[in-house]
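Some notes on the structure that comes next.
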Amino acid sequence: MTQQQAQILRPETLIEEFKKNGVTHIITIPDSETNYLYELMVNEPSLDIIPVSREGESMSTALGLNIAGKVPVCLIQNTGMLESGDSIRGMALNAGFPLVMVVGYRGWTRHGVTPDTAATYTEPFLHAFGINYYLVEQDEDGDRISAAFAEARETRRPVVVLVGDEYHGFNR
Amino acid sequence: MIEAVDVFNAFQDHRGDAIVTTTGRAGRHWKNISTNPNRDVALGGAMGHTASATFGLAVGLPDEKVVLFDAEGSLLMNLGVLATISGKKPKNFYHILLDNESYATTGGQPVPNAEGINYAGMAREAGYASTHEFNDLEDFVTNIGSILDETGPVFVSVKIFAEVENAPIALRVREPARSRDETIRDLRAELGISE
């Protein structure tokens, strides 16, 4: 792999991590940066895609799937996570089941300065809820996704993967 | 208008092995009527989200009939779920809305446009496979059996009398009930699902 390739997060990497961890369902609202990932997921036979209308639905839908013995992942943007507070509280944290939420980190920049308040409040929101998270920026970070799954299984709590690759990786 | 307890009694005759979830004030009657509590699961815990959790359960258990007794106040908090369910089209999902036109657990205040909403119409236009409306017990009793044989997702809207609760939460007397975790554990045991 070239250095340039290593510096982007390929959507194929996420798909491979999902397969490695036995994911069965992706509950999602596509956002403008991830349409190529969406296409890959739709064409991946091991994944059943569940589009929802509002991000808060994704945690409660995941709870139902977990009860049924499935392994769901919520794939949403940080703006939608901020909207989902009561669902995260009541249907994920209080329910005590392993849930990985892959969250697009809109507004994230490596130098820490952003004009986007979606980014400003993302990590403080997670701290407030006591939810641990892993930042994934490039392919070399792929194993952090498996670490998130392992932590979720061990702690029976939601764990977030923040995808800080908003501006290049997932579009064609 | 129909008494909620009569709705549940009529449903019980046709329940079979269906998995049942409830929400809202009226839903509390079900635990006193159900004859198969191991297939009753509590999926409350966040405002408006029992429908989404029950939908997830139905998607995850395609060989089981899954019945949700929803409440209109709850549905209004998560109205997009009608499109979500219609889009995924779970054939085993039966969505029965008990509409008392009010927030019965908070003193009976009316929901927005309480008497003017056609919930079955909303579900129909969202794309449910079939929808039904009832305002008369005899009609409901006559039809509920065949409705439960239809291919889902099915939506049934039932007008019920409000049973208003108006005491502060700390002063309310709660009937003993299994916790959410206990109902989940019991359902999994019933279905042979390991964690």
Side-chain angles (χ1 to χ4, degrees), chain A residues 22-30 38 41-42 47-76 80-81 83-99 101 129 152-158, chain B residues 19 21 23 39-64 66 68 70 74-75 77-90 92-93 122 126-127 179-195:
Chain A
V23 173
T24 58
H25 293 76
I26 306 290
I27 311 162
T28 186
I29 297 185
Y38 186 83
M41 293 190 306
V42 167
L47 298 175
D48 189 354
I49 311 304
I50 302 181
V52 292
S53 305
R54 193 72 168 154
E55 287 84 353
E57 289 180 59
S58 66
M59 300 85 196
S60 40
T61 303
L63 172 59
L65 286 160
N66 171 266
I67 295 168
K70 308 302 181 186
V71 183
V73 160
C74 298
L75 176 63
I76 59 177
M81 180 185 73
E83 183 270 338
S84 303
D86 192 49
S87 186
I88 292 171
R89 175 199 64 79
M91 306 306 262
L93 285 164
N94 285 2
F97 72 101
L99 175 63
M101 301 192 291
F129 277 80
R153 286 190 291 265
E154 183 180 339
T155 62
R156 304 188 61 76
R157 288 174 57 87
Chain B
I19 295 167
T21 67
T23 190
R39 283 178 173 256
D40 299 331
V41 59
L43 293 179
M47 296 186 300
H49 285 287
T50 302
S52 294
T54 309
F55 160 67
L57 187 65
V59 171
L61 297 171
D63 297 327
E64 300 285 346
V66 178
L68 162 67
D70 204 354
S74 181
L75 180 60
M77 287 188 179
N78 187 13
L79 206 48
V81 77
L82 294 178
T84 299
I85 292 166
S86 299
K88 198 61 180 172
K89 298 179 174 51
N92 57 333
F93 186 71
M122 296 170 84
S179 69
R180 179 172 66 182
D181 288 349
E182 288 169 331
T183 66
I184 292 170
R185 181 199 62 203
D186 293 345
L187 178 67
R188 281 180 168 148
E190 169 83 5
L191 299 176
I193 296 170
S194 56
E195 290 190 43

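A, B, ... follow the sequence lines: proteins, then strands. Residue 1 opens every chain. Bear in mind that the values here come from a model prediction, so they are computed numbers and not experimental data.
Ranked by heavy-atom pairs under 4.5 Å with chain B, the first of A/Ser60, A/Pro72, A/Ala68 is A/Ser60. When each of B/Met47, B/Arg185, B/Lys88 is scored by its heavy-atom pairs under 4.5 Å with chain A, the top score falls to B/Lys88. Ranked by non-hydrogen atom pairs under 4.5 Å with chain A, the options B/Val59, B/Thr54, B/Thr21 are led by B/Val59. Between chain A and the options B/Ala46, B/Gly80, B/Ser52, heavy-atom pairs under 4.5 Å are most frequent for B/Ser52. Top candidate by heavy-atom pairs under 4.5 Å with chain B, chosen from A/Ile88, A/Thr24, A/Asp48, is A/Asp48. Among B/Val66, B/Val81, B/Leu79, the residue making the largest number of heavy-atom pairs under 4.5 Å with chain A is B/Val81. Taking chain B as the reference chain and counting heavy-atom pairs below 4.5 Å, the highest number among A/Ser87, A/Pro51, A/Gly69, A/Ser58 is found for A/Ser87.
Looking only at side-chain heavy atoms (C-beta outward), B/Arg180 and A/Asn94 come within less than 4.5 Å of each other. A/Glu57 places none of its side-chain heavy atoms less than 4.5 Å from the side chain of B/Ile85. In this structure, A/Phe97 and B/Ile184 have side chains that are not in contact, with every pair of non-hydrogen atoms separated by 4.5 Å or more.
Using a 4.5 Å cut-off between heavy atoms, B/Leu187 touches chain A through its side chain atoms alone. Neither the backbone nor the side chain of A/Arg153 has a heavy atom closer than 4.5 Å to any heavy atom of chain B. Contacts between A/Ala62 and chain B at a heavy-atom distance below 4.5 Å are absent for every atom of the residue. Within the 4.5 angstrom heavy-atom criterion, atoms from both the backbone and the side chain of A/Ile67 approach chain B. Heavy-atom distances place the backbone of A/Ile49, and not its side chain, under 4.5 Å from chain B.
Separation of atoms CG (B/Leu43) and CE (A/Met91) is listed at 6.0 Å; rounding is to 0.5 Å. Note: A/Lys70 NZ to B/Ile193 CD1 = 8.0 Å, rounded to the nearest 0.5 Å.
Among B/Asn78, B/Leu82, B/Thr84, the one residue that satisfies the side-chain contact (heavy atoms from CB on, under 4.5 Å) test with A/Ser53 is B/Thr84.
Counting only distance, with no hydrogens or angles, the side chain of A/Arg89 and the backbone of B/Gly45 share a donor-acceptor pair below 3.5 Å.
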